[in-house]
Protein chains: 2
Amino acid sequence: MRRLPLFAPVDEETFRRLTATAFLQKFPAGADLLTEGDPVDFLYILLDGSIELSGTWNDKETTLAVLGPVSTFILAAVILDAPATMNARTIGWSDILMIPGAALRAAIEEDVRFSSAVALELSGCYQGLVRAIKNQKLRGGLERLANYLLAQQSRQGGGPTLTLPYEKRFVASLLGMSPENLSRAFSSLQDYGVIVDGPQVTITRPAVLERLAKPDPLIDKHLPTDAILISKADRERNLQLGAHRAAPLSGTV
Amino acid sequence: MRRLPLFAPVDEETFRRLTATAFLQKFPAGADLLTEGDPVDFLYILLDGSIELSGTWNDKETTLAVLGPVSTFILAAVILDAPATMNARTIGWSDILMIPGAALRAAIEEDVRFSSAVALELSGCYQGLVRAIKNQKLRGGLERLANYLLAQQSRQGGGPTLTLPYEKRFVASLLGMSPENLSRAFSSLQDYGVIVDGPQVTITRPAVLERLAKPDPLIDKHLPTDAILISKADRERNLQLGAHRAAPLSGTV
DNA sequence: CGCTCGGTTGACCTAACTCAACTTGTGTGG
DNA sequence: CCACACAAGTTGAGTTAGGTCAACCGAGCG
């Protein structure tokens with residue numbers, strides 16, 4: 001925990017106060033961590049697993065981001081002590097560190113080192129959102145997918161073949177398209193030397209794919225943690241999550 | 001300046017240091033304040049006028065936000081000392097306060113009161129972006145316009161008739177649609193009791209319009225400064241801005 | 001007087017969503 | 001061990017929101 005950039009520079013004293021009330025919890029896949037409009041009592045830090053942030057209005061839902069370890073989320077809402085502006089749900093089993101909001105806000109007002117670390121972290125989140133919006137609005141679906149594949153490739157060591165980190169439907173959500181559309185996009189990419197076999201994707205002609213993708217450092221910035229991307233298409237959601245909702249949240253310190 | 005929430009709580013000492021190197025400048029309409037990828041040397045604070053933030057990729061441009069007074073912008077980039085992720089251009093004559101980035105970063109590291117004010121400000125910007133994305137992705141053009149009109153109405157005192165603060169094309173950009181589309185949207189709104197006469201818009205049946213708009217506090221939060229919205233449609237931009245580019249920047253202290 | 005620019009209107013086009021059918025792989029109960 | 005059920009993914013056909021292009025109008029201005 002001390003190794004997180006958010007806490008690394010912090011005073012020993014405030015660190016102790018923050019951790020005193022913090023705890024670690026494991027969540028199963030599909031657990032709803034919070035819902036729009038809820039008061040936000042904790043800052044969440046995703047240590048392992050992945051989580052999806054979404055927004056809803058008028059029975060439609062859209063994915064705002066999919067996070068991987070290590071990421072903080074809803075920092076802004078905690079600082080403002082405002083209701084959550086998004087829903088958070090685990091995608092796979094996730095280890096999450098939870099820090100009470102009151103302690104966090106107190107620490108911000110007392111320790112310069114902490115509050116400037118928070119400012120840096122927030123700035124990073126902000127820039128991530130901006131990148132996500134640009135990715136979403138300036139590129140078409142094919143281009144988004146191409147860039148995503150290139151990003152995954154470099155993150156997984158640069159070899160010609162990569163493994164999709166989630167099920168395809170989550171990738172679709174992440175890229176702002178319907179699963180059907182993702183499927184079609186993949187088959188369109190055959191023309192650019194992309195071969196898909198289940199979750200394995202191999203890029204046979206990187207140069208060609210890159211000419212399509214036109215990656216841009218201002219959009220595809222080397223992601224410090226994991227993809228903080230935008231998107232997903234409007235979709236009616238029938239809230240048939242009963243099974244998941246009821247899933248017991250096995251807690252641990 | 002002391003009355004800005006960002007500086008109100010700050011130490012007299014750091015306030016002096018910040019203002020020592022700061023200056024105020026007037027810009028004409030259409031002035032490019034900064035361009036994507038530029039190093040960011042100043043924090044900008046818009047005191048009067050309005051400015052448009054946009055992003056580009058592959059010769060397409062999209063409006064990310066339109067700000068009114070009083071708003072800070074590119075705070076995140078200044079804090080990270082990173083290249084700008086968006087373009088900024090004045091829409092009308094604008095008074096802008098500029099604070100050197102180095103001084104600002106120094107102040108953050110030294111004065112808790114300032115760095116926690118920065119954290120609050122950044123959180124607000126972040127939430128604004130999130131709202132903008134939800135507005136953009138979950139609502140259709142008609143709904144966005146309807147909500148925009150209602151928001152303007154309440155900001156202008158609640159009377160049945162309101163005045164559009166910018167030319168319609170900027171409103172279109174702000175709402176993420178082409179000017180043509182905005183025009184059509186306005187005429188569709190006739191069915192909901194909206195009468196348009198140049199920049200004057202009167203809402204004859206608020207209840208009807210509201211049933212269409214379904215305003216939501218999580219999206220249409222009472223904006224502290226001015227609209228921080230998203231959008232604009234992809235558009236080829238032929239960079240025929242010569243006239244504006246060349247416009248002299250009449251500087252003043 | 002005629003230019004330009006913002007706005008409007010109409011015809012057309014395209015990306016992306018929806019719905020529905022079909023395939024395949026995986027796990028469960030008989 | 002097999003049959004069935006279910007979920008993910010794919011494929012195809014139809015729909016739609018929204019953008020593009022082009023023509024047109026009216027106001028301001030040299």
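Letters A, B, ... are given to chains in the order of the sequence lines, protein chains preceding strands, and every chain is numbered from 1.
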Hits for ring-ring contact (aromatic ring centres under 6.0 Å, His included) against A/Tyr44, two or more places apart or cross-chain, chain-then-number order -> A/Phe73

Here the distance between atom P of D/dG18 and atom NZ of A/Lys137, to the nearest Å, is 11 Å

note: B/Glu167, atom CD; C/dC5, atom C1'; distance rounded to Å ~ 9 Å

When rounded to whole Å, the CZ to P distance for the pair A/Phe170 and D/dA7 reads 14 Å

Atom NZ of B/Lys60 and atom C1' of C/dT14 are separated, to the nearest Å, by 12 Å

All heavy atoms of B/Gly37 vs all of B/Pro83, minimum pair found to be O-CB, 3.5 Å

Other residues, nucleotides, ligands: >12 heavy atoms within 6.0 Å of A/Tyr192 OH:
no

Per-nucleotide protein contact along nucleotides 10-16 of chain D, 5' to 3', at a 4.0 Å heavy-atom cut-off (B base, S sugar-phosphate only, - neither), is SBBB---

Whole-Å distance, B/Arg139 CZ to D/dG18 C1', equals 18 Å

note: A/Leu145, atom CG; C/dA15, atom P; distance rounded to Å ~ 16 Å

TODO: Would you tell me whether A/Ser54 and A/Glu61 have side-chain atoms, one donor and one acceptor, within less than 3.5 Å of each other?
DONE: yes

Apply salt bridge (Lys or Arg N to Asp or Glu O under 4.0 Å) to the pair A/Glu180 and A/Arg169, showing each step before the final yes or no. CA-CA 9 Å; A/Glu180 296 95 322; A/Arg169 63 198 169 109; over 6 Å; no

Rounded to whole Å, CE of B/Met177 lies from P of C/dG7 at a distance of 14 Å

When every non-hydrogen atom of A/Cys125 is compared with those of B/Tyr126, the smallest separation belongs to CB-CE1, 3.7 Å

Whole-Å distance, B/Leu175 CG to D/dA17 P, equals 17 Å

